[in-house]
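A quick write-up on the structure given underneath.
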Amino acid sequence: MTEVWILCAAYLIDRVVGDPRSLPHPVIIMGWWITRLERVIRSLVKKESHLKLAGILFPLVIVGGSYAVVWLLLWGATFIHPVLAWILGAWLVSTTIATKGLADAGMEIARYLLAGDMEAARRSLSMVVGRDTERLDEPEVCRGAVETVAENIVDAIVSPLIYAAIGGAPLAMAYRAANTLDSMVGYKNEKYMNLGWASARFDDVLNYIPARLTALLLVAASWLARLDWKQCWAMIRRDAHLHPSPNSGLPEAGVAGALGVQLGGLNYYQGVASNRAKMGDAKRPLQASDIVATIRLMYLVSLLCLLVSVMISILLSTGK
């Protein structure tokens, strides 16, 4: 039952402690290596057409390296003491989850909105989204916060928990490395269209099943929260495929349906307009309470996912 206790401990560490700035976070180390690997690749590969092949190095080196380093750390810790390996494993898994971080970021925006401080709310939103926030009104700030929390339920909670259940801290960290790669080089722009394609595609593949599990858990969480679970499921089926990502549309459409609001629409990135497909029906304007409701849904999904992860871990352990 060691794997089960590690999962539960990791979840509790994240819920209570989160990611203290005083401790080094693995994602920062990953980001350092990704930046340096990109420099090496670009210094060696001059032709843009060859960058597509070179882009495969990112998942191989960063994801494979993250798995290997964590496996070696845990292997070495077992020689010192099994309890040390247990504690280290739980802490490492906790760093791949961001339940508290997502909730704190969302609640900060909601508090500023409720206090009537739009400038602070926009500034707080700009810390978690890439879109321009300087001129957003209250419903648009709310939309940005709700979309961010909803979208990150998959890659910040469900996916790492599922991969931790399957392969422990090494696989959870490998997933986090793949997700970090996507966030740094997986853009479909001129700079990363070729170099980042493998990272973007790999992240999509890893999140494919967890995203669909998230959709089911959202329906259950909506029912538990006494929200519109039927509309949650209906919007997932109707609108999720409209999102440019094969995975992000599922939680966003589900949250839109559960809350009875509409997500998506016109965003600006460095002054350039980007029109996203709309998901859900605009039954009313978005408000600060919708951010709080989305965070509540996220918490419920995280608990349900923990239960699923524990069951997966037990089944895998009994099958060995």
Electrostatic pair R111:E108 at N-O distance under 4.0 angstrom: no

Lys/Arg-Asp/Glu bridge criterion (N-O < 4.0 Å) met for D117, R123: no

Mind checking whether [X] and [Y] sit in one hydrophobic cluster, side chains of I, L, V, M, F, W, Y counted as touching below 4.5 Å?
X    : Y    : value
L92  : L12  : no
L161 : L316 : yes
V255 : V301 : yes
M235 : L213 : no
I28  : V70  : no

Working for side chain to side chain contact (heavy atoms under 4.5 Å, CB included), residues E134 and R122: CA-CA 6 Å; E134 295 84 0; R122 294 186 187 108; 5.6 Å; no

Between [atom1] of [X] and [atom2] of [Y], what distance do you get to the nearest 0.5 Å?
X    : Y    : atom1 : atom2 : result
M30  : H25  : CE    : NE2   : 8.5 Å
N207 : S248 : CG    : OG    : 7.5 Å
N152 : T148 : CG    : OG1   : 6.5 Å
L297 : L217 : CG    : CG    : 11.5 Å
T214 : I157 : OG1   : CD1   : 8.5 Å
W229 : L218 : CH2   : CG    : 14.0 Å

Heavy-atom closest pair, residues [X] and [Y]:
X    : Y    : result
A169 : G89  : CB-O, 3.9 Å
W197 : K52  : NE1-O, 2.5 Å
D155 : P160 : O-CD, 3.6 Å
A10  : S94  : O-CB, 3.3 Å
M118 : D137 : CE-C, 3.7 Å
A150 : T294 : N-CG2, 4.2 Å

Give a yes or no answer on whether the side chain of [X] reaches the backbone of [Y] with a donor-acceptor pair at less than 3.5 Å.
X    : Y    : answer
N189 : K191 : yes
W33  : I62  : no
H81  : T78  : no
R237 : W233 : no
D203 : A200 : no
T180 : R176 : yes

Heavy atoms of other groups near I209 CD1, more than 12 under 6.0 Å: no

Neighbour count >12 (heavy atoms, 6.0 Å) for atom CZ, R135: no

Could you check if a side-chain atom of [X] sits within less than 4.5 angstrom of a side-chain atom of [Y], using non-hydrogen atoms only?
X    : Y    : result
R15  : K100 : no
L250 : V154 : no
T96  : M173 : yes
M193 : L51  : no
E140 : T133 : no
W223 : C232 : no
Y67  : V63  : no
S313 : L7   : yes

Working for side chain to side chain contact (heavy atoms under 4.5 Å, CB included), residues V292 and M107: CA-CA 7 Å; V292 179; M107 285 303 300; 4.0 Å; yes

Parallel, tilted or perpendicular, as decided by the 30° and 60° cut-offs, for the rings of W71 and W75: parallel

Parallel, tilted or perpendicular, as decided by the 30° and 60° cut-offs, for the rings of Y187 and Y192: tilted

Residues L304, L224; criterion side chain to side chain contact (heavy atoms under 4.5 Å, CB included); working and verdict: CA-CA 11 Å; L304 292 171; L224 290 171; 4.3 Å; yes

Only distances under 3.5 Å count here; give the side-chain donor-acceptor pairs of residues 258-268 to other protein atoms, sequence neighbours excluded, each with its distance to 0.1 Å.
residue	atom	partner	partner atom	Å
Q262	NE2	G280	O	3.1
N267	OD1	R131	NH1	3.4
N267	OD1	R143	NH1	3.4
N267	OD1	R143	NH2	2.7

R201 NZ/CZ over F58 ring centroid, <6.0 Å and within 45° of normal: no

Any donor-acceptor N or O pair under 3.5 Å, side chains Y11, S302: yes

Residue list, side-chain contact (heavy atoms from CB on, under 4.5 Å) with A103, at least two apart or on another chain: I295, M298, Y299

Contacts of type side-chain contact (heavy atoms from CB on, under 4.5 Å), residue L242, not counting sequence neighbours: D239, A277

Candidate pair S49 and N194, rule side chain to side chain contact (heavy atoms under 4.5 Å, CB included), full reasoning: CA-CA 7 Å; S49 58; N194 290 317; over 6 Å; no

